[in-house]
Structures are given as C-alpha cells and as structure tokens.
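Just so it is clear, the model here is predicted, and its values are computed rather than measured.
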Amino acid sequence: MEYNLCIMAKGQAIAAKVALTASDRDFFARMAQVTYMNPFDPERTRIIEQLADRHGGRHGKAALDSVLPEMNARIADLERQGCNALPRFAAEDQPLMRSLFLYQIYHRYVPDLDRVIEEYLRDKDAPAPFAERLIADLAARGFTATEALHYVASFFQIRRAYYFIVKSLVGQSPSMQQLRLALWNNVFTNDMRAFDGGLWDRMEDFSTLLLGETGTGKGSAAAAIGRSGYIPFDRAKDRFAASFTESFIATNLSQFPETLIESELFGHRKGAFTGAVDDHKGLFELCSRHGALFLDEIGEMTVPVQIKLLHVLQERTFTSVGSHQAKRFAGRVIAATNKSITELRTSGRFRDDLFYRLCSDVITLPTLRQRLDENPAELERLVSELIMRLTGKEDPHDTSLILDAFKRDLPRNYPWPGNVRELEQAVRRVLLTHHYTGDTKTAGSDPDRALAGEIHAGTLNARELLSRYCGLLYDRLGTLEEVARRTGLDRRTVKKYVATAHR
C-alpha cells in the first residue's frame, strides 16, 4: 500500500505528514459515519452490511464482526508506516482518523466497561482499573490529557446507554425498535458530533415527557435515560465522580397526598407546617448534577406545584417549603403520565406552559397490544425473558407451558389491558396454577379501550364494528335518537345494532 508523503516545514522543524489513499479514505469515511450514528438506526446497519459485502454478505452483528478486523488491519498498515497518531496525518485527514481511533479504542475496552457497569450494580463505589490503560492508549494516538479524561467518561456513558436500553426494553417489534432509537437520541441527540462538541455538558436543559398506558414500561425507559448521563472520571480517586445507580431518582407522585407532594419534591424547613419536626431534603436537592429526576404520574400534580416546577425548569432554582433560600438544581427532569396529556391540558388540570417546558422530547411507549399486532412472535420472546428474570435461566419447557396456557385460557386477541406489567404477573400465575383467564374486569370496564384495541388488531368485521360502536354511544348518550344523529343512521338500524351489542 502506497502513501503520499508530504514534507511540511514549520520553523526549523521538518515533519512528514501522511495523506490517506483513496481506498482508505473511502472505507474510513464510511466507518466514521457509523461511529457517530445511533446504534439502533437501520441506516447504520445498512452501511455496515454494505461494508461487509466483501466478506460474504453477512448481516447484523456478524457484519460488524467482519468489518472491525478490516478497520484494524488498515490502521495497523498505517502504523507500520509510522503513522500511529493524529499529528502524523495530513490536516484534512486528521478529523477522519480521530473518529476511527476513538471507534477502535472504544471497542477494545467494551469488556472492561461492561465489567464496571456490573460492578456498580453490585457495589455503589466501584473502581475503574482500566482507566489508566485507556488514557495511555488515547494519549498514544495524539489526544491531549484533557481529551483523554473526557473520553473515559464518554465511553462509559455510551456503553451504559447501550446496556440499559437493550437490557431494559426487550422486543423486536417495529414499535420497540423505534422506541430504542428514540431513547438513544434522547441521551445523545440525533447528532453525536454536536453532542461530542459540547452538548454533553448541557443536557440538563433537555426535559423529557414519557406517555403511555399503565404497564408499558415508562419506568424502565426513564431509568435507561436517567442512568445514562455523562459522569466525569476522577483520576485521583480512580473512580467516576458519581454512581449511576444513585444518580437516577424516581418517584411516583400518585402515592403522596396532595398536601405532601410539594414537600417531597422541594423539601421543607423545620416548623414549616404541622408535623414538620425536622428539616427535610426534597428530591430536587437530593438529585446530583450528573443525575436525573423521574416524576411518574405527573398528572397528579396540583396547579400550584406545577407553577413551582415550571420555575425550576426555567430558572434552575427552587426553595424549600418554609424557606426563602434559593437552591440550584442541575439535573435532568423526566416526567411521565398514563393519562391523555391532551385531555389534561384541555380540562385545565395541566398547564400549557409546563407542558412546553417538559416537551423537549415526547416519547410514547407502545402498548403490548400494538407490539403483538406488529409481531406475534414478541409474546414468546417476552415470556422467555420474564422466565429468565424469575428463575435465572432459560427454560423452553416453562415457556411452552405458559404460551399453551395463554392459548387455552385467553380469548383470541386478548387486549392485555395491563400491558407488560400484567404479562409479568400472568407468567407468575401460570407457573403457580397452570392457568390465567385474564383481567376481564379491567378489560370490560373500559369499553373504549377494548374497542380501540380490537380496531387496531383488525379483528372486527363491518357489522361487528357498527354494533360495538352504536352500543358504546348508546351507553354514553342514553337515547337511540342521539346515537342516530351522531352516526347518520336511521333509528331502526341503530336499535338493531344496539340490541346486538347488548346481547
């Protein structure tokens, strides 16, 4: 392989700069593009598979496994020419090689990063013994000491995000693939070059609103975001500045009486109200600058507390109940509700200005009905994963036992009103009793949701659809005449459909 050696003078020093060949530049440019793309983006997979075509048209992880050795071989060939660091390359090629060196070093340390993640999950104060080796490798490639420390933190953040998004959100339906892509963008934005250029230190300004029915996994999605923040590395202590296990704080506002929500969030001073016998730190004070605060069921928040939360998001300061001392909040806010945000705003129970402060990103989690409609095989995958979590091992026999029980006991296209949370308990029920007949009370008590689920699943013919719709309207409106007016049908036809629906 030949390289164009350009002799450049700078004062009295003469330095040889290497310009990449056209072949290397083309390959490296596409690899650099992959480096900064969302790992859950189908376009990234397509680019990797195109690069892997020369190795037998491999797909998925096998494609990446075949491309990485080629990248390493090309870099090794450059090293044999004495080009092992950024300063040895021509100026126009240095940004490209910077991306490639980062990508190469990151993949070299993935096993070390995974081990530290697991250690943090077991021990709140885990060391990072690989960090000095990583810093040395980055320095050898021409990165400054400041840059090397930054990339120790960045690599750990990237790996945590991937780890928690993959581990927490199981499923291969299109809606779940889209959810994983959205969560990654929420952590790193959709342009990782801009993120690496400075946004990594500004993400507290980006709030998130998670929407979805009860049991769809909003807590898991919030945890994946909240545990994936940027945490600096403290070289003197050989540890990261905070533990991601403690930097994410979650609370469900529906569990508190209306009068205590403000104290729970913002804290209170001793004597601020009857029963306040000591100073109390609220969640905004407990949340570190490297962390995130998850407010579940935010629709339960009273308007006065909403106003105070709005102030926190606007000014990044708050005061405890009974105090005038302003305190600073530097973390991220993630909020969630299982109620219709549109209805909450229309009814005046949720302020528009607070919504606009929370909606830097709005992510809707798919229902289990939607996921199974898109990919029926999702049910087997979820059941297998739940059994693994319960028993610590894969068990095809138990998976078959549970799926057979569902097929035997549940109606066709059962709507799973409790979503994944219900499925988890259903798996437990079958393991205990070998039966699960479904949550008929919940499904039956919400005819709007049940009808919407069947429409989405495509299980109703035209006659059944009209009958169910007319029956629903009659139960709500009370008269055949009003149903006829709403539907444009004559009264006799409406009466027939309502009678059929009520059989």
Side-chain angles (χ1 to χ4, degrees), residues 1-37 44 47-48 50-56 58 63-113 128-156 158-159 192-193 195-198 200 233 235 238:
M1 190 176 293
E2 296 180 357
Y3 295 93
N4 176 25
L5 297 180
C6 306
I7 307 300
M8 301 179 64
K10 184 178 181 181
Q12 299 299 316
I14 303 294
K17 300 284 185 175
V18 174
L20 297 174
T21 65
S23 173
D24 275 348
R25 188 176 288 113
D26 176 69
F27 179 85
F28 288 160
R30 287 192 286 173
M31 286 302 298
Q33 184 180 359
V34 166
T35 298
Y36 289 99
M37 290 182 73
R44 179 180 184 272
I47 294 172
I48 293 174
Q50 283 181 342
L51 289 169
D53 279 348
R54 69 195 79 188
H55 303 290
R58 299 177 185 180
L64 181 61
D65 289 343
S66 69
V67 169
L68 284 176
E70 179 177 355
M71 180 190 76
N72 291 332
R74 287 176 181 262
I75 292 176
D77 206 7
L78 288 168
E79 289 175 324
R80 284 190 288 273
Q81 304 294 323
C83 305
N84 61 345
L86 293 174
R88 295 303 310 278
F89 291 89
E92 64 270 21
D93 290 328
Q94 287 187 19
L96 190 58
M97 294 311 301
R98 179 186 179 90
S99 301
L100 266 292
F101 285 152
L102 287 173
Y103 195 57
Q104 181 189 50
I105 295 171
Y106 168 78
H107 278 280
R108 186 183 301 162
Y109 282 87
V110 161
D112 295 286
L113 293 165
F130 67 90
E132 285 302 323
R133 289 185 288 113
L134 174 52
I135 291 170
D137 283 352
L138 288 162
R141 292 301 196 191
F143 292 90
T144 67
T146 299
E147 289 175 326
L149 282 174
H150 165 66
Y151 284 115
V152 172
S154 291
F155 287 177
F156 191 44
I158 290 169
R159 194 59 190 171
M192 283 195 70
R193 291 183 189 274
F195 179 84
D196 188 45
W200 59 269
F233 179 69
R235 193 174 187 181
D238 193 32

Problem set entry | Step-by-step side-chain contact (heavy atoms from CB on, under 4.5 Å) determination, Tyr151 to Leu134 | CA-CA 9 Å; Tyr151 284 115; Leu134 174 52; over 6 Å; no
For this session: Step by step, work out the side-chain contact (heavy atoms from CB on, under 4.5 Å) result for Asp112 and Arg133.
Result: CA-CA 11 Å; Asp112 295 286; Arg133 289 185 288 113; 3.2 Å; yes
Exercise. Run the side-chain contact (heavy atoms from CB on, under 4.5 Å) check on Arg30 and Ile48 step by step: do they pass?
Worked result: CA-CA 8 Å; Arg30 287 192 286 173; Ile48 293 174; over 6 Å; no
Exercise. Does the pair Val67 and Phe27 meet the rule for a side-chain contact (heavy atoms from CB on, under 4.5 Å), with working shown?
Worked result: CA-CA 10 Å; Val67 169; Phe27 179 85; 4.1 Å; yes
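Atom CZ of residue Arg88 and atom CG of residue Leu78 lie 11.0 Å apart, to the nearest 0.5 angstrom. Interatomic distance, OG of Ser154 versus CH2 of Trp200, reported as 7.5 Å (0.5 Å rounding). Of the inter-residue distances, the one linking Arg159 atom CZ with His107 atom NE2 reads 8.5 Å to the nearest 0.5 angstrom. Atoms OG and CZ, from Ser23 and Arg74 in turn, are 4.0 Å apart once rounded to the nearest 0.5 Å. Residue Tyr103 holds its OH atom at 7.0 Å from CE of Met71, rounded to the nearest 0.5 Å. Distance check, rounded to the nearest 0.5 Å: CG of Asn72 to CG of Asp77 gives 12.5 Å.
Listed by chain and number, the residues in a salt bridge (Lys or Arg N to Asp or Glu O under 4.0 Å) with Asp196 amount to none (sequence neighbours excluded). A search for ring-ring contact (aromatic ring centres under 6.0 Å, His included) contacts involving Tyr109 returns nothing, not counting sequence neighbours. Taking Arg193 as the reference, nothing meets the salt bridge (Lys or Arg N to Asp or Glu O under 4.0 Å) condition, with sequence neighbours excluded.
Heavy atoms only, all atoms of each residue included: Ala29 and Leu96 are closest at CA-CD1, 3.5 Å. Contact record, Ile135 with Val152: CG1-CG2, 3.7 Å, taken as the closest heavy-atom pair. The minimum heavy-atom distance linking Asp137 with Arg108 is given by the pair OD2-NH1, 3.3 Å. The shortest heavy-atom contact between Ala140 and Ala85 is O-CB, 3.5 Å.
Counting heavy atoms from C-beta on, the side chains of Phe101 and Phe143 come closer than 4.5 Å. At least one side-chain heavy atom of Glu132 sits less than 4.5 Å from a side-chain heavy atom of Arg235.
In this structure, Phe155 and Tyr106 have perpendicular ring planes: the angle between them is above 60°, well past the 30° mark.
Side-chain atoms of Gln94 come within 3.5 Å of backbone N or O of Phe89 as a donor-acceptor pair. When atom types are taken as modelled, the side chain of Asp93 and the backbone of Leu20 share a donor-acceptor pair closer than 3.5 angstrom.
With Leu138 as the fixed residue, the side chain to side chain contact (heavy atoms under 4.5 Å, CB included) test singles out one of Thr144, Leu149, Ile105: Ile105.
Ion pairing between Arg141 and Glu147 fails under the 4.0 Å rule for side-chain N and carboxylate O.
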